[in-house]
Amino acid sequence: MTESVRNVAVFSLGGTIAMTTDPTTGGVVPALSAHELLAAVPALATSGIGLKVWDFRRLPGASLTFEDLTALSAAITGVLETGDVDGVVVTQGTDTIEETAFLLDLYHGHEQPVVVTGAMRNPTLPGADGPANLYAAVLAAADPGLSGAGCLVVLGDEVHSARAVRKSHTTSPAAFASPACGPIARIAENRVRMVGGLPRRGPLVGAPDREARVGLYTVTLGDDGALLDVWDGNCDGLVVAAFGVGHVPERLVEGLTKLASRIPVVLASRIGNGPVLSDTYGFPGSEKDLLGRGLISAGDLGPYQARLLLHALLAQGADGATVRETFTTASTR
């Protein structure tokens with residue numbers, strides 16, 4: 001065995017990568033431990049990388065909570081502060097990988113990369129991609145060239161930044177992409193090959209110290225705004241996933257103006273790729289009109305990312321001015 005020269009911590013959360021068939025239901029459920037996942041990748045034994053393993057959760061990606069991820073972030077920080085590891089790998093279900101990666105990045109203040117990976121095909125299927133993804137993620141986490149990159153997502157031998165990555169297909173093994181900029185690196189011949197610069201890091205947010213509820217309202221054709229009333233008094237902040245560059249039907253303007261006078265309301269685009277504009281369109285319900293009424297621009301952050309950032313800020317007790325300032329800084333590349 002090659003002598004270990006780099007060390008990586010692996011945290012398993014469950015998900016498709018860790019699923020096997022339930023004999024009662026016939027469906028697949030999270031059952032494999034972190035050690036069992038690693039045992040399915042024999043190439044790791046000769047990689048020269050030492051592994052420290054935590055079987056942290058066994059949940060589908062859809063069932064992960066803010067509490068789970070806050071606890072995971074604290075555990076990662078504790079491991080990194082020992083100085084014994086050069087990077088971290090998190091395995092989980094792909095349903096929420098892009099959200100997990102973005103949220104962990106908000107809490108991650110260390111130089112060692114945190115790499116999130118999973119699988120699109122569970123271990124019972126031909127061509128299961130979990131072992132290859134796990135191997136590539138460990139290589140990325142151990143690579144000195146990714147120091148300072150923050151949180152990353154690795155699937156299909158591609159390395160994506162937490163800020164840019166999107167799950168773009170429900171079943172394809174090539175489901176993960178970065179539409180705005182492409183991957184920052186690829187894995188080939190057992191090493192990381194950079195194809196772009198390291199991503200710009202987003203804001204660093206402290207661990208939550210209070211409860212916060214942030215809603216996500218997606219605007220649709222013919223929307224009369226009646227459902228906005230459901231959020232009034234029931235959330236601490238709201239993200240609006242608007243049409244195009246930040247437009248809503250005129251019928252929503254009054255309700256959004258009222259909400260923005262009470263809580264932070266962030267204007268994002270439901271497209272999830274490209275920025276909200278600020279000063280191009282001027283009709284009622286346009287981006288210029290809404291921002292003038294007190295809504296906060298998400299810039300180029302997608303609605304899911306904007307919700308996570310707003311939740312993290314409000315859970316830290318940030319006031320409206322701090323929320324606006326942070327979004328202004330975070331939403332421009």
Side-chain angles (χ1 to χ4, degrees), residues 6-19 30 32-38 40-41 44 49-82 84-120 129-143 146-147 149-156 158-163 165 167 175-176 187 192 199 202 207 304-305 308 312:
R6 306 285 288 177
N7 292 296
V8 170
V10 179
F11 291 85
S12 172
L13 299 184
T16 295
I17 192 172
M19 290 192 180
L32 300 179
S33 70
H35 287 89
E36 288 171 318
L37 290 178
L38 294 170
V41 193
L44 288 172
I49 300 170
L51 300 174
K52 302 174 183 290
V53 184
W54 282 264
D55 199 24
F56 200 76
R57 296 286 191 274
R58 294 191 192 180
L59 294 169
S63 293
L64 292 172
T65 66
F66 282 112
E67 290 75 19
D68 291 323
L69 298 180
T70 299
L72 175 63
S73 176
I76 289 172
T77 297
V79 170
L80 292 179
E81 287 180 347
T82 67
D84 294 335
V85 300
D86 302 290
V88 173
V89 168
V90 176
T91 66
Q92 69 155 85
T94 59
D95 283 348
T96 51
I97 273 185
E98 63 182 271
E99 290 171 273
T100 292
F102 186 81
L103 187 61
L104 290 178
D105 196 53
L106 293 178
Y107 297 141
H108 180 48
H110 292 78
E111 289 298 298
Q112 297 97 322
V114 174
V115 180
V116 187
T117 193
M120 294 299 296
D129 55 331
N133 289 337
L134 180 53
Y135 181 64
V138 170
L139 293 181
D143 193 281
L146 291 175
S147 178
C151 194
L152 306 165
V153 170
V154 171
L155 283 95
E158 292 186 338
V159 183
H160 299 272
S161 74
R163 181 187 178 92
V165 72
K167 186 175 183 180
F176 285 83
I187 310 294
V192 175
Y304 305 129
Q305 296 172 321
L308 292 171

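- Counting heavy atoms from C-beta outward, Lys167 and Ile97 have side chains that stay 4.5 Å or more apart.
- With sequence neighbours excluded, no residue forms a side-chain hydrogen bond (donor to acceptor under 3.5 Å, both in side chains) with Glu98.
- The side-chain heavy atoms of His108 and Leu80, taken from C-beta on, include a pair separated by under 4.5 Å.
- Of the inter-residue distances, the one linking Asp129 atom CG with Ile17 atom CD1 reads 7.5 Å to the nearest 0.5 angstrom.
- With sequence neighbours excluded, no residue satisfies salt bridge (Lys or Arg N to Asp or Glu O under 4.0 Å) with Asp84.
- When side chains are defined from C-beta on, Leu103 does not count as touching Tyr304, because their heavy atoms never get closer than 4.5 Å.
- Heavy-atom minimum distance, Ala140 versus Ile187: CB-CD1, 4.5 Å.
- Panel note: side chain Ser12, backbone Thr91; no donor-acceptor pair is recorded below 3.5 Å.
- In this structure, Leu146 and Val115 have side chains that are not in contact, with every pair of non-hydrogen atoms separated by 4.5 Å or more.
- Enclosure of atom OH in Tyr107 by more than 12 non-hydrogen atoms of other residues, nucleotides or ligands within 6.0 angstrom is indicated.
- Side-chain contact between Pro60 and Asp95 is absent, with no heavy atoms from C-beta onward closer than 4.5 Å.
- Among residues at least two apart or in separate chains, salt bridge (charged side-chain N to carboxylate O under 4.0 Å, His left out) pairs with a member in residues 101-119 are Asp105-Arg201.
- Considering only heavy atoms from C-beta on, Thr94 comes within 4.5 Å of Leu155 through its side chain.
- Atom CG of Leu104 sits about 9.0 Å away from atom OG1 of Thr77, to the nearest 0.5 Å.
- Under the side-chain contact (heavy atoms from CB on, under 4.5 Å) criterion, Ala142 pairs with Arg6, Val8, Ile49, sequence neighbours left out.
- Using a 4.5 Å cut-off on side-chain heavy atoms (C-beta onward), His160 and Pro199 make no contact.
- Taking the side chain as every heavy atom from C-beta outward, His35 and Asp55 never approach each other to under 4.5 Å.
- Glu158 pairs by the salt bridge (Lys or Arg N to Asp or Glu O under 4.0 Å) definition with Arg186, not counting sequence neighbours.
- If you take CG on Leu59 and OG1 on Thr65, they are separated by 8.0 Å, rounding to the nearest 0.5 Å.
- Gln92 CD to Asp68 CG: the interatomic distance, rounded to the nearest 0.5 Å, is 10.0 Å.
- Applying the side-chain contact (heavy atoms from CB on, under 4.5 Å) criterion to Ala9, with sequence neighbours excluded, gives Phe11, Trp54, Val79, Val85, Val88.
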